[in-house]
There are 2 protein chains.
Amino acid sequence: MAQRNLLQFIILGLLHQTPLTGYELTKAFDSDIGEFWSAQHSQIYPQLQKLETAGSLTHTEEVTGEKLARKRYAITDTGLDTLNNWLAAPTPASTNGKDEFALKLYFIPDANDARLRPMLEAQQVEHTAKRTHLEHQLATKFPDGAPTVGLGHYLILQHAVSREHEYCDWLATALTHCR
Amino acid sequence: MAQRNLLQFIILGLLHQTPLTGYELTKAFDSDIGEFWSAQHSQIYPQLQKLETAGSLTHTEEVTGEKLARKRYAITDTGLDTLNNWLAAPTPASTNGKDEFALKLYFIPDANDARLRPMLEAQQVEHTAKRTHLEHQLATKFPDGAPTVGLGHYLILQHAVSREHEYCDWLATALTHCR
DNA sequence: TTAAAACATGTCATTAATGACACATAGGAG
DNA sequence: CTCCTATGTGTCATTAATGACATGTTTTAA
């Protein structure tokens, strides 16, 4: 297997909340879930077909306006089983952290290398921006702190924020070590 | 492009330090660099061939014992250019963080869900182990703190440690929110 | 009214990565 | 002497994912 195909579970998970069209699923990766996962429509549509063939989904056709038909997908009992099995399965600790920037640092071993400082500073700009964005998301979506319903969403946003916090701190520490 | 093919740069970076065989490169992903990247020999050998065709590498044959020949690869000036261009290029902030566990939490929105606590606890075991392992690595490889030569390696280990630290803290916080 | 933006659904060629298959030598322990 | 482990190098089928190509409708704002 090239990858673990987690997309199927994301689709099932999203459809478990409410039936959606392929287009709406695609959009979900631009907002909420886009904070920590990505997928294009060219991957989503074929996956929806596969899941339907496997009996995990069904769809109903809706017509908007004159002729434009869209397919609204809903999860089946089979699909719900698949989802729950995945949720129940142990999760590898991965933190697979394929971090390109860390990789670059690894290949600049000398603390006096002139490239080091500008690189770290550029990265600091990027991650500070990301951190600010995430903090704004958290404050906007959960102004009252941890909710009872939607806790998962809250937790992953919280996590993303503290991950960026750690990243910024790390970059700052790194800067103190180079000329 | 399916991925960014960073493997080529890792190979160039490792060979920039010292010439290595395919086998030795493979082993590098079990130790040092394995902490934050993975690759199998089935990917490495073809990549070495590609890089040699592209003029980034050359190899010399060495014979061990009676007949076993191995190929020791060295980086060329072309290869060094490729490496330096990559190092000089801006790095996307990604933190692509495709975290399977976070994904699962997202799909268990209810704080009272009975699955939540055991999941978090299991994950805590995993990540605590990983954190301990990384701290041990750091203490073993850099007993005197940040070095002048090998700073990159130190920094990424440091980063891995604090990332795991953050992860464990986050899991602990998450546990306080569920029944 | 007309043009742009959003809605909506698909296919296809290419690439990266995995795991399995395959084969052979070298060295050390029992 | 024999077996096991490590060394050493490769191929191949399959899968996941990307970006580009392709096509058409509906809504909205100038």
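The structure presented is a predicted model; accordingly, all values stated were derived computationally and were not measured. By convention in this document, chain letters (A, B, ...) are assigned in the order of the sequence lines, proteins followed by strands, and residues within each chain are numbered from 1.
- Salt-bridge annotation for A:Arg70 and A:Glu61: absent, with no side-chain N of the basic residue lying under 4.0 Å from a carboxylate O of the acidic one.
- Remark: B:Lys27 is not in phosphate contact with D:dA6, judged by side-chain N or O atoms under 4.0 Å from OP1 or OP2.
- In this structure, B:Ser42 does not reach the C:dA16 phosphate: none of its side-chain N or O atoms is under 4.0 Å from OP1 or OP2.
- Distance A:Glu61 CD to D:dT25 P: 15 Å, rounded to the nearest Å.
- Side chain B:Thr21 to base D:dG8: no donor-acceptor pair is found below 3.5 Å.
- Classified by interplanar angle (parallel below 30°, tilted 30° to 60°, perpendicular above 60°), the ring pair B:Phe9/B:Trp86 is parallel.
- Atoms CG (A:Leu7) and P (D:dT15) sit 16 Å apart, rounded to a whole Å.
- Per the geometry, CD belonging to B:Glu24 stands 10 Å off P belonging to D:dT7, to the nearest Å.
- Following rounding to the nearest Å, B:Gln47 (CD) and C:dA17 (P) show an atom-to-atom distance of 8 Å.
- Note: CG (B:Asn5) to P (D:dA17) measures 17 Å, nearest angstrom.
- Note: OH (A:Tyr73) to P (C:dA8) measures 14 Å, nearest angstrom.
- Within 4.0 Å (heavy atoms only), A:Thr26 reaches no atom of the nucleic acid at all.
- In this model, the phosphate group of D:dA16 is approached by a side-chain N or O of A:Lys50 to a distance below 4.0 Å at OP1 or OP2.
- B:Tyr23 has a side-chain polar atom (N or O) that falls below the 4.0 Å cut-off from OP1 or OP2 of D:dT7.
- If you take CG of B:Asp30 and P of D:dT7, they are 10 Å apart, rounded to a whole angstrom.
- A:Glu126 has no carboxylate O lying under 4.0 Å from a charged side-chain N of A:Lys130, or vice versa, which leaves the two without a salt bridge.
- Classification of A:Glu24 and A:Arg72 as a salt-bridged pair holds, one side-chain N sitting under 4.0 Å from a carboxylate O.
- Between B:Arg4 and A:Glu100 a salt bridge is recorded (basic side-chain N to carboxylate O distance below 4.0 Å).
- Regarding A:Ile44, its CD1 atom lies at a distance of 14 Å from the P atom of C:dA8, rounded to whole Å.
- Between the side chain of B:His41 and the base of D:dG8, no donor-acceptor pair of N or O atoms lies under 3.5 Å.
- OP1 or OP2 of D:dT18 lies within a sub-4.0 Å distance of a side-chain N or O belonging to A:Gln43.
- You'll find that the side chain of B:Gln40 is closest to C:dG19, out of C:dT11, C:dG19, D:dG8.
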